[in-house]
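Inspection log for the structure reproduced underneath, given as structure tokens.
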Amino acid sequence: MATLSGKTAIVTGAGSGIGRQSAQALACAGANVVVADLDAEAGKTTAALIEAGGGHASVVRTDVTDAADVEAMVAHAVATYGRLDLAHNNAGILGGSAVLTEVDDDDWRRVIEVNLTSVYLCLKHEIRAMLAAGGGGSIVNTASYSGLVGLPFASAYVASKHGVVGLTKAAAVEYGRKGIRVNAVCPGTVRTAMMEERIAENPKMEKALLDVSPMRRLAEAAEIGDAVVWLCSDAASFVNGHALPVDGGATIQ
């Protein structure tokens with residue numbers, strides 16, 4: 001099992017879903033975890049779960065689309081635990097479902113802002129903190145298997161996640177020499193509350209999702225959290241700039 005003892009991690013969107021499971025998995029591996037979420041109460045619940053399991057966590061309410069909030073989030077990690085070693089930039093939204101010509105312009109801008117611009121802001125301030133501490137660190141961005149392929153009715157989401165993959169590779173090239181590894185995890189469809197709501201709106205969706213999965217099931221959020229821990233750990237010490245599909249084989253068809 002990967003050990004992250006003594007390291008400090010930030011997880012955005014940690015109040016639920018993949019972010020909560022990632023935060024718990026990082027804490028279980030020994031990291032001090034800064035739980036960042038726009039919903040502070042949900043963040044407190046995640047922190048309580050971590051502490052109940054014997055881990056260490058603190059909460060900071062963060063709007064990841066606001067540069068000042070992101071800078072304050074990173075400053076909180078450094079002030080609380082002395083340095084920043086790891087980050088999982090996970091916060092994101094699905095956006096509406098429509099063919100490209102019917103996409104609402106405001107929805108487009110919001111999806112790009114939350115899913116892509118926020119990752120840029122997080123990378124900027126996280127890397128600055130890592131460099132200030134002498135370099136070294138590992139960052140994982142949440143992309144998606146839809147950042148590796150094209151999917152219908154989700155052009156804003158697909159574009160944002162392709163952008164995350166590209167941004168990951170650019171950062172990996174720029175900062176690998178400083179010992180900072182930057183990778184992306186690309187989940188398939190994950191059974192989260194957000195996805196359950198979408199399925200409830202369209203009951204036929206679940207069958208369609210299962211039909212494109214070679215394993216004929218949705219992922220569990222904990223399976224994505226485990227992949228994040230591996231990418232953050234020394235077990236992945238020579239993995240840099242990689243977009244890791246955790247999709248049950250959906251992208252190989």
Side-chain angles (χ1 to χ4, degrees), residues 1-37 39 42-60 62 64 73-74 76-77 80-81 83-92 119 122-123 126 130 136-145 164 168 180-196 215 217-237 239-240 242-248:
M1 183 176 179
T3 177
L4 303 174
S5 181
K7 296 186 181 297
T8 299
I10 288 173
V11 181
T12 67
S16 62
I18 292 172
R20 174 171 287 175
Q21 292 295 328
S22 170
Q24 289 184 270
L26 287 163
C28 186
N32 303 310
V33 180
V34 173
V35 175
D37 202 284
D39 184 342
K44 289 177 183 177
T45 299
T46 298
L49 289 169
I50 289 171
E51 290 169 351
H56 302 282
S58 64
V59 181
V60 56
T62 306
V64 291
M73 172 188 75
V74 174
H76 169 87
T80 304
Y81 298 112
R83 58 180 291 127
L84 177 64
D85 305 285
L86 314 168
H88 180 199
N89 299 321
N90 167 75
V119 176
C122 288
L123 285 170
E126 290 158 358
M130 290 174 179
S138 179
I139 300 173
V140 180
N141 301 318
T142 296
S144 167
Y145 82 111
V164 170
T168 297
I180 299 172
R181 297 185 297 107
V182 186
N183 293 288
V185 65
C186 300
T189 306
V190 183
R191 195 176 290 280
T192 63
M194 185 166 61
M195 181 52 64
E196 293 285 9
M215 296 184 70
R217 70 174 178 86
L218 305 186
E220 299 298 329
E223 293 176 300
I224 313 305
D226 288 342
V228 171
V229 171
W230 179 75
L231 285 170
C232 283
S233 76
D234 288 343
S237 59
V239 180
N240 187 36
H242 183 51
L244 175 66
V246 187
D247 63 357

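Any value given below was found using the heavy atoms of this structure, including those in side chains, with hydrogens, waters and symmetry copies removed. Since the model is a prediction, treat every value here as computed from it, not as a measurement. Numbering starts at 1 and runs along the sequence shown.
- In terms of heavy atoms, Q21 sits closest to A221 at CG-CB, 3.4 Å.
- Here the shortest heavy-atom pairing between V64 and C122 reads CG1-SG, 4.4 Å.
- Heavy atoms only, all atoms of each residue included: A77 and L84 are closest at CB-CD1, 4.4 Å.
- T12 meets the side-chain hydrogen bond (donor to acceptor under 3.5 Å, both in side chains) test with no other residue; sequence neighbours excluded.
- For the pair N90/S22, no side-chain contact is recorded, criterion being any heavy-atom separation below 4.5 Å from C-beta on.
- Taking CD1 of I139 as the reference point, atom CG of L231 lies at 12.5 Å (rounded to 0.5 Å).
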Start with the C-alpha gap between S16 and T192, add the side-chain angles, then the distance that decides, and say whether side-chain contact (heavy atoms from CB on, under 4.5 Å) holds.
CA-CA 8 Å; S16 62; T192 63; over 6 Å; no
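- To the nearest 0.5 angstrom, I10 atom CD1 is 8.5 Å from H76 atom NE2.
- With sequence neighbours excluded, no residue satisfies side-chain hydrogen bond (donor to acceptor under 3.5 Å, both in side chains) with N183.
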Which atom pairs, donor and acceptor, lie under 3.5 Å between side-chain atoms of residues 222-230 and protein residues at least two apart or in another chain?
residue: E223; atom: OE1; partner: R217; partner atom: NH1; Å: 3.1
residue: E223; atom: OE1; partner: E220; partner atom: N; Å: 2.8
residue: E223; atom: OE2; partner: R217; partner atom: NH2; Å: 2.7

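- Considering CG of L86 and OG1 of T8, their distance stands at 8.0 Å, rounded to 0.5 Å.
- Not counting sequence neighbours, N32 has no partner by the side-chain hydrogen bond (donor to acceptor under 3.5 Å, both in side chains) test.
- By the 4.5 Å heavy-atom criterion applied to side chains, D247 and C186 are not counted as neighbours.
- Residues forming a side-chain hydrogen bond (donor to acceptor under 3.5 Å, both in side chains) with N89 (at least two apart in sequence, or on another chain): E126, N141.
- The shortest non-hydrogen separation linking A9 to A31 is CB-CB, 4.4 Å.
- Closest of all the heavy-atom pairs between V34 and Y81 is CG2-CE1, 3.9 Å.
- Considering only heavy atoms from C-beta on, K7 stays 4.5 Å or farther from L26 through its side chain.
- S5 places no side-chain N or O within donor-acceptor distance of the main-chain N or O of T3, the cut-off being under 3.5 Å.
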Quiz: residues 44-57 side-chain donor-acceptor pairs under 3.5 angstrom, not counting sequence neighbours:
residue: K44; atom: NZ; partner: E41; partner atom: OE2; Å: 3.3
residue: T45; atom: OG1; partner: E41; partner atom: O; Å: 3.2
residue: T46; atom: OG1; partner: A14; partner atom: O; Å: 2.7
residue: T46; atom: OG1; partner: R20; partner atom: NE; Å: 2.8
residue: T46; atom: OG1; partner: R20; partner atom: NH2; Å: 3.4
residue: T46; atom: OG1; partner: A42; partner atom: O; Å: 3.4

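- Residues V35 and G43 share a closest heavy-atom pair of CG1-O, 3.5 Å.
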